[in-house]
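Here the structure comes first, spelled out in structure tokens, and everything after it is commentary.
Residue numbers start from 1 in every chain, and the chains themselves are labelled A, B, ... in the order their sequence lines are given, proteins ahead of strands.
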Amino acid sequence: MIEATLAIAFSVTALAFLLNLYRLAAGPDVLDRVLALDTLVVDAIALVVLLGMALGTAVLFEAALVMAMLGFVSTVAFCKYLLRGNVIE
Amino acid sequence: MSHMLVVPVVLPALVATFIVTAARFDLVLQRVFSLASTAALLAVALGLWLLAGDGVPRSYRLGDWPAPFGIVLVLDRLSALMLLLTSVLAMLVALYAAASFWDRRGRHFHALFQFQLMGLNGAFLTGDIFNLFVFFEVLLIASYGLVLHGAGARRITEGLKYVAVNLAGSTLFLLAVGLLYAVTGTLNMADLALRVPTVPEADQALLRLSAVLLLVVFAIKGALVPLHFWLPGTYAAASPPVAALFAIMTKVGAYAILRVYILVFGDAAGAAARIALPFVLPAAALTLVVGMTGVLASRSLTALAVWALVGSVGMLLLPLGLLTEAGTAAGLYYLVHSTLTGAALFLLADLVARRRGAAGDGLVAAPGFVEADLLGGLFFLAAIAAVGLPPLSGFIGKLLILQVLAAHPARTVLWATILVTSLAALVGFVRAGSTVFWKREPAAAEPSHGPGDRAALCAAAALVAAPMLLAAFAGPTIATMEATARQLFTPSVYIEAVLGPARLADEGTIQ
Amino acid sequence: MRARLLPHPALSLTLALVWVALVNEIGPGSLVTGLVLGLVVPLVTQPFWPDRPRLRRPHRVLEYVLVAVLDIVAANLQVARLVLFRRNASLRSTYVTVPLALRSPEAITVLAATITLTPGTLSAELSADGRSLLVHALDVPDPDALVAGIKTRYEARLLEIFT
Amino acid sequence: MTETLLELLTAFLLLAGSFFLLMGSYGLAKLPSLMQRLHAPTKATTLGVGGILLASMTHAAATLGRLSLHELLIALFLFLSAPVSAHMLAKAHILRNRAEAGRLPPTGRPTGWATLDAGAGTSEAD
Amino acid sequence: MRLALIALLPFLGAVLPPLVIRAGRNTCAAVTFCVTLAALALLLVQAPSVLRGEAVAAAVSWAPQLGLELAFLVDGYGLFMAFLILAIGLLVIVYARFYLGRDDPMGRFYAYLLLFQGAMLGIVLADNVVLLLVFWELTSLASFLLIGYWRHLPEGRQGARMALIVTGAGGLSLVAGMLLLGEAAGSWRLSEILVRGELVRASPLYLPALLLILGGAFTKSAQFPFHFWLPHAMAAPTPVSAYLHSATMVKAGIFLLGRLWPVLSGTEAWFLIVTGTGLVTMLVGAWIALFKDDLKALLAFSTVSHLGLVTMLFGMGTRIAAVAAVLHILNHATFKAALFLTAGIIDHEAGTRDAKRLGGLLRLMPITGTLATIAAAAMAGVPLLNGFLSKEMMLEAAAHTDYAGLPWLVPVLATTGALLSVAYAARYVGHVFLGPVRRDYPHRPHDPPAGMWLPVAILVIPVVAIGIAPPLAEPVVDLAAAAVTGGELPDYHLALWHGPTPALLMSAVAFMGGFLLFLAFRPIQALRLRLPRPEAKAMFERTVGAAVAAARLTTERLHDGSLQRSLLAAILVMLALGIFGFLSGNHTPGDRRLLPMSFPALALWLLAVGAALAVLVRHRHRLVALVLTSVVGLVVSLAFVYFSAPDLALTQLSVEVVTTILMLLALNYLPQTTPPEPSARRSARDLGIAGACGLGIGSALYAVLTRDPSATIATFHLAEAKPGGGGTNVVNVILVDFRGYDTFGEIIVLGIAALAIAALLESALSGASGQRLTGLPGRLEAREAHPLLLVVVTRVLLPLALTVGLFILLRGHNQPGGGFIAGLVIGTALIMQHMASGFAWAEQRFPLDHHALIGAGVLVAGLTGIGAWYFDRPFLTSSHGHFHLPLLGEIELATAMAFDLGVFLTVVGVVMLTLAKLAAIGRKAEPHEPPSVSMDIVLVETGPAEAATRQEA
Amino acid sequence: MELLMASGVGVLTMVGVYLILRARTFPVVLGLTFLSYAVNLFLFAMGRLAVGRPPILDPEATGYTDPLPQALVLTAIVISFGMTALLVVLALRGYLETGQDHVDGRVRSEGDAP
Ligand code: NA
Ligand code: NA
């Protein structure tokens with residue numbers, strides 16, 4: 001049962017990726033793309049966790065953790081850039 | 001257990017780190033440490049060279065892991081020769097940099113210098129192809145720092161191109177090493193030498209692909225035409241002591257070609273044997289032509305030095321490209337000669353520029369300058385060496401190369417190339433020297449004292465002495481090169497030193 | 001003295017728990033290490049967090065978290081409905097200004113985060129003096145009710161927690 | 001028995017989580033304006049990941065029979081960071097889009113919104 | 001060794017004149033004289049044995065691998081030439097002492113002269129062809145210095161350059177020729193080669209060797225068409241002209257013809273080329289000489305002509321012609337040196353050597369006039385002087401020469417040459433010494449001091465002596481000629497009268513014709529002025545100039561500094577070689593069982609490819625490109641996660657973030673968009689090339705992926721990681737242990753990068769860069785620099801990140817993680833503080849010096865490695881062990897973890913240093929001081945620390 | 001899956017190569033970033049692709065993928081990080097010094113205003 005639901009979850013997540021790709025490509029603003037990137041990171045975390053479940057391993061945990069911790073740093077940096085130009089002032 | 005093998009890498013690394021950490025704001029202290037370290041390196045290199053003189057390569061297993069699983073350093077005649085050459089050059093250049101105060105025109109000169117030495121020594125010592133990549137990177141990034149030393153728009157824009165091209169080259173290196181690992185399963189060069197001949201027929205295409213890609217990488221480092229475009233601008237923009245030190249940089253490419261295409265893809269490499277053969281020689285000839293044309297076209301002494309260096313790479317790779325023992329010996333002699341002569345030219349150009357004020361090192365008339373005769377004399381000697389006129393080492397090297405190429409089917413073309421380019425170089429140097437040292441613009445008052453860099457002048461003079469010594473002791477020097485080449489063409493001793501006799505026997509016969 | 005050695009007691013506890021979660025094993029080893037880190041790390045990072053938000057009623061924290069999480073789940077379903085079934089044109093999106101009674105940056109942050117995480121609303125901006133919060137709402141029939149809801153449901157509780 | 005229950009729970013959480021994940025991205029793709037699009041991923045996606053993380057925990061409990069806590073950490077970081085991302089994106093949008101800035105309600109305070117008007121007490125004086 | 005000393009003595013002695021010049025000019029000249037005398041003495045010591053018919057040879061090894069040895073040979077020919085060189089050298093030294101002016105640096109002059117002398121002696125005494133090459137080129141170099149002695153004169157510089165370039169080119173030709181000769185003969189020993197003439201002539205290398213050797217000889221001896229350089233060498237001081245350009249150096253070429261005569265002569269090619277060249281040179285030189293007003297130029301072209309004569313004689317290939325050649329070498333050396341010296345005296349005394357401004361000097365300087373007249377008469381071939389003897393022999397030989405089936409050709413032309421020779425000799429006497437005394441000489445001429453005319457007189461002695469008593473010369477000529485011809489001499493004797501021979505007739509024609517020509521000089525000169533006169537110097541300079549221009553054009557066009565050209569070349573070479581490499585080997589598709597494709601993987605692929613292609617299309621909008629690039633980076637990390645490489649995923653993720661921030665920091669000051677492509681064709685071309693690269697790399701990768709791996713050394717790593725390395729994360733154990741040395745290099749790369757970046761950015765604050773920074777145009781900016789929400793969240797994040805970072809660092813040896821990743825995680829958390837709260841605020845709170853952090857990291861790693869030496873283990877040997885700690889339980893520690901700590905510290909330092917320096921740039925660019933408080937919004941209630949900070953600000 | 005990997009690396013290479021042939025510094029930097037992605041994946045894949053076999057020793061593991069290419073890629077990533085950082089700063093520095101970021105030979109006039 002878990003395998004089947006995992007398979008569904010994988011596919012649904014993958015679909016989410018493709019929807020993000022649409023926004024990434026369509027924009028229109030650079031902010032839309034930043035938002036898409038931000039969403040992608042969160043979706044990626046989900047994917048990594050799903051993969052960890054599917055493979056029955058805990059070694060992917062650090063990857064998901066680091067994504068969660070650092071993923072938004074890029075988003076903030078892009079926003080800070082758009083807000084102030086200088087990211088670190 | 002002799003740890004001397006690893007000292008040429010560890011010592012400069014730690015000294016540089018110490019300089020950065022503790023002596024960052026004290027130039028005197030930096031100089032003391034840098035010069036002491038360089039002198040110590042010279043002593044160690046000499047010791048290692050003597051050690052290698054018995055003809056038995058030695059390996060040093062880093063981390064105490066058995067080869068081929070860990071990384072090994074290997075000291076054989078060739079690596080010892082390169083170490084010694086680097087140390088001699090470095091010693092004189094370091095002295096020059098300190099005595100001419102070039103070292104205070106930017107931050108971190110001495111630290112970068114030591115890191116550069118670390119990278120060079122590491123590249124010459126390593127017995128591992130991926131570690132060669134790492135040390136290529138060390139020496140490259142240190143060289144980036146050194147190229148930028150002194151800043152200024154030109155250094156920055158040229159430095160940028162230098163970095164970009166070498167980054168692309170590094171990318172290619174990784175591709176090639178990856179492929180090599182994919183088909184052989186090893187990174188240790190001795191182990192590669194044993195495994196490459198046994199690569200199955202089905203994988204030959206991939207093996208050969210990796211071999212040619214590696215060659216492109218080394219040719220970029222060696223600035224073989226048409227992969228040389230990064231060099232002229234960079235070297236001309238670099239501060240003179242840096243450019244002088246960089247005379248050895250192109251030789252790293254030559255060294256790598258020798259090491260890999262004789263040990264790994266040498267005669268015994270089965271279907272991939274001697275794969276570099278069709279490419280190196282023509283590229284070298286082209287390089288010689290481009291370099292010496294550049295000499296003819298030069299508008300400054302520095303440009304002259306740069307192009308002479310390009311040409312010398314071509315010249316030295318002509319015999320090396322034969323991938324024969326005799327060719328290697330001739331090429332090595334020329335390598336030593338051209339490195340020291342090239343460096344001397346850069347330093348002399350600087351000494352002249354410092355004295356000529358606005359005219360700098362341009363090939364234009366200028367008012368008389370201090371010590372013009374002395375510098376003119378030194379330049380005359382360096383030019384004789386660079387052009388390849390007797391009685392200095394350039395001539396001896398050229399004769400050796402001509403003789404070695406005599407057996408080549410394209411002898412006529414190759415000889416003609418060498419001789420005609422020599423003429424171009426002669427014309428270039430004659431025009432340059434007679435303009436800079438002889439042609440005078442009347443001046444209100446000739447300067448009465450120089451920039452106070454007598455010690456720097458001595459360092460440059462010592463470099464000029466090199467081609468004389470190499471010529472005077474040509475017999476024993478060439479004999480050493482022959483012994484080096486012979487050892488290089490007997491891969492079994494190298495392999496045995498790295499992997500031990502048992503492993504060598506297991507894998508069957510290798511020449 | 002206590003304040004100097006233990007600048008953020010709640011943080012210390014959190015860090016200890018974080019360590020245990022990282023090691024993913026509840027045992028004496030992980031607990032001790034976690035506690036040591038809980039003591040040391042806040043000390044090291046104290047310069048970067050100079051203020052000390054005082055939590056007056058720690059037990060109310062749990063209540064707040066529970067309320068927020070339930071709201072998040074419940075309202076997410078509602079947003080899913082909006083996204084799935086409502087035509088874009090019919091969305092009544094608007095900004096509302098929420099005047100703030102909270103004065104601690106940490107408290108304002110928690111409030112803003114809660115608003116964002118709860119569906120339908122998003123903390124877009126603070127006023128330059130930090131006393132008003134700009135909230136964007138995806139589909140809001142009655143803006144005043146929204147403001148009132150935020151103030152009573154979240155801000156009031158936070159006022160009790162943060163001094 | 002517990003295992004079956006846990007499995008059921010896991011399956012439910014997985015489906016719910018991935019559903020929310022998809023909602024987030026669908027909203028991102030579908031909604032017409034940036035401010036509206038901002039809503040979808042910050043909430044739905046975050047919640048979706050939360051669901052999947054819970055599923056992972058229950059899964060670990062079911063298969064390994066032990067409590068797995070580190071998923072909570074990931075959730076912690078996500079819940080910490082998602083509002084900030086959204087906030088920053090909104091601020092950037094307000095700055096860059098004049099029309100959007102015009103739509104803002106008054107602050108009800110003497111000062112304006114921070115992005116467009118620096119408050120008193122800062123040294124920014126332009 | 002004693003033989004070698006003859007040639008080496010002048011070299012060694014060359015250092016003396018500059019040293020002793022302080023002791024006075026006489027001392028300087030005397031020392032030089034003594035050095036030469038000593039060499040002469042050493043030479044004469046050998047004379048008895050040579051006269052006995054024994055060649056004296058000796059060799060010292062130099063570079064045997066090259067065939068180069070210090071081998072010397074004194075035979076008759078060598079002795080003859082060496083004697084000439086030294087004897088005339090002595091005279092020139094004396095003469096020069098008086099000739100050189102007060103301002104002329106005499107020490108340098110004599111040094112150069114001795115260098116030249118040594119080189120010349122080397123040529124004539126070398127018994128090794130390679131050694132001969134060495135000396136050959138040395139003469140060119142020394143003559144370059146001598147011709148350019150008056151370096152302030154443009155003629156001096158140009159003449160020197162021309163001489164060196166022409167003779168240097170010839171030298172190169174000779175190098176090749178000698179190598180071929182040595183190869184053909186199978187020896188580098190001249191004495192051995194000389195007896196292998198038949199072998200050489202039969203060799204296929206003969207003709208190329210001959211041509212190349214002649215190239216050397218003809219340039220050196222100024223044979224047509226290389227005759228043009230010699231007159232311009234006359235810019236040198238006259239003693240130099242006399243010595244080099246009449247008596248010695250120019251003889252090197254014909255010396256070589258004589259030296260190799262037994263080997264090379266006697267073939268059709270030799271005859272046609274050498275005789276033909278000699279004949280043409282003789283005529284051309286003489287014709288030009290006739291019209292030269294500059295006395296030295298006249299003499300120079302006459303020298304060209306006479307050298308042609310000798311060349312022609314050698315070319316004939318008969319023994320008697322060789323004898324004549326040797327005799328003429330001797331004769332020409334004496335009378336021509338004398339003539340040059342008199343020209344020098346005239347120049348020195350009258351202040352000009354222009355024939356048009358001279359005349360009547362015989363009365364003003366009788367001694368000089370007399371000596372010059374005798375020497376000129378010898379040059380014309382007047383009986384009772386030595387020139388007559390050799391000219392007669394030449395005409396006799398010419399009379400019997402059938403050139404290319406035209407028996408009249410050589411005799412007629414030789415006679416013409418002799419005729420012209422008479423004419424210009426008559427001019428030298430008639431237009432300079434005869435006629436009325438003039439009033440308009442630049443200086444009042446009179447005879448010079450004895451030191452100047454005495455050498456001339458000494459040279460004239462053999463001119464007259466041999467002329468009157470020809471047998472006097474016979475032993476000398478026999479000796480030398482025997483050596484040239486290889487021992488056998490023809491039956492000849494030198495005499496004034498041989499009866500009515502064809503030569504006598506030709507001689508008479510020459511005299512009468514020559515005299516008539518002299519008388520009809522003006523009309524003939526007018527005629528000549530109407531003929532085209534190619535100006536060789538201008539042509540040469542034009543040629544060199546054109547070569548330089550062409551070189552500049554190509555070099556500068558080719559190397560225009562384009563980075564893209566550089567990259568394109570590399571890419572094309574890579575493509576070409578790659579395709580060759582792959583296609584030249586055997587390739588069989590692999591049969592590995594492939595992994596099934598999955599929908600998520602496909603989605604990720606689409607995402608990466610989509611983003612990448614979007615970058616391709618949208619790269620001009622730089623910020624968008626950066627966002628899209630981050631997406632690709634994310635997918636790359638996911639690929640690592642998916643394919644069992646968690647460590648790589650972590651590394652890629654954390655590097656990605658820091659890189660993005662770095663790029664943003666830089667992009668802030670760069671243009672926001674890239675200007676449109678200048679040409680669509682170029683875009684299309686680049687896209688094609690890029691596509692080919694992608695296809696190639698992709699195919700290679702596919703080829704690898706579809707075949708099973710061979711046995712790899714990694715098996716050992718997997719097996720030994722735990723027992724040998726003390727860790728279960730094999731990648732980490734490889735990084736810090738098996739291949740810790742790589743990692744050591746890697747952190748040094750990072751450290752150097754940071755150093756270079758720091759140095760670069762520090763210098764950005766001043767100069768053009770500093771100005772540009774302060775002058776950057778402002779743009780739309782938020783009023784708020786440090787948003788409250790961000791500040792608070794990052795504050796909470798820091799301790800959490802620190803904890804996580806420590807976890808990753810400590811667990812790295814066993815689980816995914818390690819020093820590098822930990823360093824980046826913590827570094828990023830610190831960057832967040834800077835981003836959120838401002839650089840100034842955060843920097844105050846970061847207690848560590850960045851440089852020191854990097855240094856500490858490298859030192860920790862390095863010293864951990866060196867620590868192994870203490871246990872007599874190699875660098876970087878790690879040890880590990882189990883430890884039981886109370887409460888914490890069983891833990892395993894490895895020294896490799898200390899190494900990893902070093903990595904960690906370095907990475908944190910690098911990240912911080914880089915950002916600190918970039919932030920400093922920002923401060924320079926910012927028109928206002930950024931707020932030093934952590935957040936812009938200031939709430940009423942603030943913590944005491946914050947308040948304190950604000951007060952400070 | 002192998003086809004996806006190979007083609008993906010091919011596309012990244014293509015984009016990288018195209019970008020480094022552009023005439024400005026910034027695209028060159030981006031291009032080198034792409035090339036670095038490509039080569040890292042390439043080098044990594046030299047150990048072949050494997051799912052669920054991370055080289056972390058575990059008594060329950062059925063096998064491990066080749067750890068060596070991973071270690072090499074890690075080193076390569078770190079090195080290229082340092083190099084890219086330097087290149088970025090150089091690009092910035094060059095622009096500040098000269099006022100333009102054109103690197104394709106002698107500066108041409110058209111459309112070159114900074
Ligand atoms: Na700004
Ligand atoms: Na990136």
Side-chain angles (χ1 to χ4, degrees), chain E residues 560-564 567 594-595 597 601 605 608-609 612 615-616 619 622 625 636 643-646 648 651 655 662-663 666 669-670 674-675 686-687 690-691 693-694 697-698 701-702 705 709 714 717-718 722 728-731 734-735 742 746 749-750 753 756-757 760 764 768-769 772 820 914, chain F residues 1-2 4 6-15 17-21 23-24 26-27 30 33 37 42 44-46 48-50 53-57 64-68 70-71 73-75 77-79 81-82 84-86 88-89 92-93 95-97 99 101 103-106 111 114:
Chain E
D560 66 347
S562 162
L563 170 63
Q564 278 63 40
L567 291 168
L594 303 185
L595 293 173
M597 199 183 287
W605 184 90
V609 168
V615 172
L616 193 83
H619 75 91
R622 295 177 171 184
V636 170
F643 295 117
S644 317
L648 284 185
T651 313
V655 162
L662 204 69
M663 299 257 238
Y669 309 103
L670 292 173
T674 304
D686 292 348
L687 198 60
C693 289
I697 302 289
L701 180 54
Y702 190 72
L705 289 178
H717 299 143
L718 285 166
K722 184 70 183 163
T728 53
N729 179 357
V730 185
V731 173
I734 292 176
L735 283 172
D742 274 349
E746 163 200 317
V749 167
L750 275 189
I757 289 171
L760 261 180
S769 164
R772 205 161 271 121
F820 183 75
T914 306
Chain F
M1 202 63 101
E2 279 77 2
L4 285 186
S7 57
V9 168
V11 169
L12 294 181
T13 307
M14 178 181 84
V15 174
V17 170
Y18 180 78
L19 288 178
I20 63 172
L21 292 176
R24 308 281 160 158
F26 197 81
L30 275 188
T33 308
Y37 291 147
F42 184 95
F44 161 70
M46 290 300 109
R48 314 302 192 267
L49 301 184
R53 298 155 71 95
I56 290 171
L57 301 179
Y64 305 104
T65 186
D66 190 340
L68 192 53
Q70 295 193 15
V73 173
L74 220 147
T75 303
I77 293 178
V78 177
I79 287 175
F81 165 65
T84 308
L86 181 63
V88 170
V89 170
L92 165 61
R93 196 63 185 74
Y95 180 74
L96 289 178
E97 199 71 37
D101 62 349
V103 279
D104 187 16
R106 311 262 175 268

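For the options F/Asp66, F/Thr65, F/Thr75, F/Val78, heavy-atom pairs under 4.5 Å to chain E are most numerous at F/Val78. Counting heavy-atom pairs closer than 4.5 Å to chain E, the top-ranked of the candidates F/Thr84, F/Ile79, F/Val9 is F/Ile79. Heavy-atom pairs under 4.5 Å with chain F were tallied for E/Val615, E/Val655, E/Leu594; the largest tally goes to E/Leu594. Interface remark: of the candidates E/Ala625, E/Ala608, E/Ala612, E/Ala612 forms the most heavy-atom pairs closer than 4.5 Å to chain F. Ranked by non-hydrogen atom pairs under 4.5 Å with chain F, the options E/Ser769, E/Ala768, E/Cys693 are led by E/Ser769. Residue with the most contacts toward chain F among E/Val609, E/Val749, E/Leu563, E/Asp686: E/Asp686 (heavy-atom pairs, distance under 4.5 Å). Between chain E and the residues F/Val73, F/Leu57, F/Thr13, the most heavy-atom pairs under 4.5 angstrom are made by F/Leu57. Chain E forms the most heavy-atom pairs under 4.5 Å with one residue out of F/Met14, F/Met1, F/Arg48, and that residue is F/Arg48. Comparing E/Leu648, E/Val730, E/Val636 by heavy-atom pairs within less than 4.5 Å of chain F, the highest count is held by E/Leu648.
A 4.5 Å side-chain heavy-atom check between F/Thr33 and E/Met663 finds at least one atom pair inside the cut-off. With contacts defined as side-chain heavy-atom distances shorter than 4.5 Å, the pair E/His619/F/Val15 does not qualify. In this structure the side chain of E/Gln564 never reaches within 4.5 angstrom of the side chain of F/Ile20, judged on heavy atoms.
Contact annotation for F/Leu21: both backbone and side-chain heavy atoms come within less than 4.5 Å of a heavy atom of chain E. Looking at F/Arg93, only its side chain comes within 4.5 Å of chain E, counting heavy atoms on both sides. Proximity to chain E is limited to the side chain of F/Leu12, based on heavy atoms less than 4.5 angstrom apart. Using a 4.5 Å cut-off between heavy atoms, E/Val731 touches chain F through backbone and side chain atoms alike. Both the backbone and the side chain of E/Leu616 have a heavy atom closer than 4.5 Å to some heavy atom of chain F. Only the side chain of F/Phe44 comes within contact range of chain E, with at least one heavy atom under 4.5 Å from a heavy atom of that chain. Proximity to chain E involves both the backbone and the side chain of F/Val88, based on heavy atoms less than 4.5 angstrom apart.
The structure places OH of E/Tyr669 at 7.5 Å from CG of F/Leu92, a figure rounded to the nearest 0.5 Å. Note that CG of F/Leu86 is 9.5 Å distant from OG1 of E/Thr914, once rounded to the nearest 0.5 Å. Here OG1 of E/Thr728 is found 7.0 Å from CD1 of F/Ile56. Values are rounded to the nearest 0.5 Å.
The minimum heavy-atom distance linking F/Ser7 with E/Trp605 is given by the pair OG-NE1, 3.0 Å. Minimum heavy-atom separation, F/Gly82 to E/Ala753: O-CB, 3.6 Å. Nearest heavy-atom pair, F/Arg24 versus E/Arg622, reported as atom, atom and distance to 0.1 Å: CB-NH2, 3.6 Å. When every heavy atom of F/Pro55 is checked against every heavy atom of E/Leu718, the shortest pair comes out as CB-CD2, 4.5 Å.
Relative orientation of the F/Phe81 and E/Phe820 rings is perpendicular, given thresholds of 30° and 60° on the angle between their planes.
Side-chain atoms of F/Glu2 come within 3.5 Å of backbone N or O of E/Leu595 as a donor-acceptor pair. Of the possible donor and acceptor atoms, one in the side chain of E/Ser644 sits under 3.5 Å from a partner among the backbone N and O of F/Ala50.
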inquiry  = Set out, in order, the CA-CA distance, both residues' side-chain angles and the distance that settles side chain to side chain contact (heavy atoms under 4.5 Å, CB included) for E/Ile734 and F/Gln70, then state yes or no.
reply    = CA-CA 9 Å; E/Ile734 292 176; F/Gln70 295 193 15; over 6 Å; no
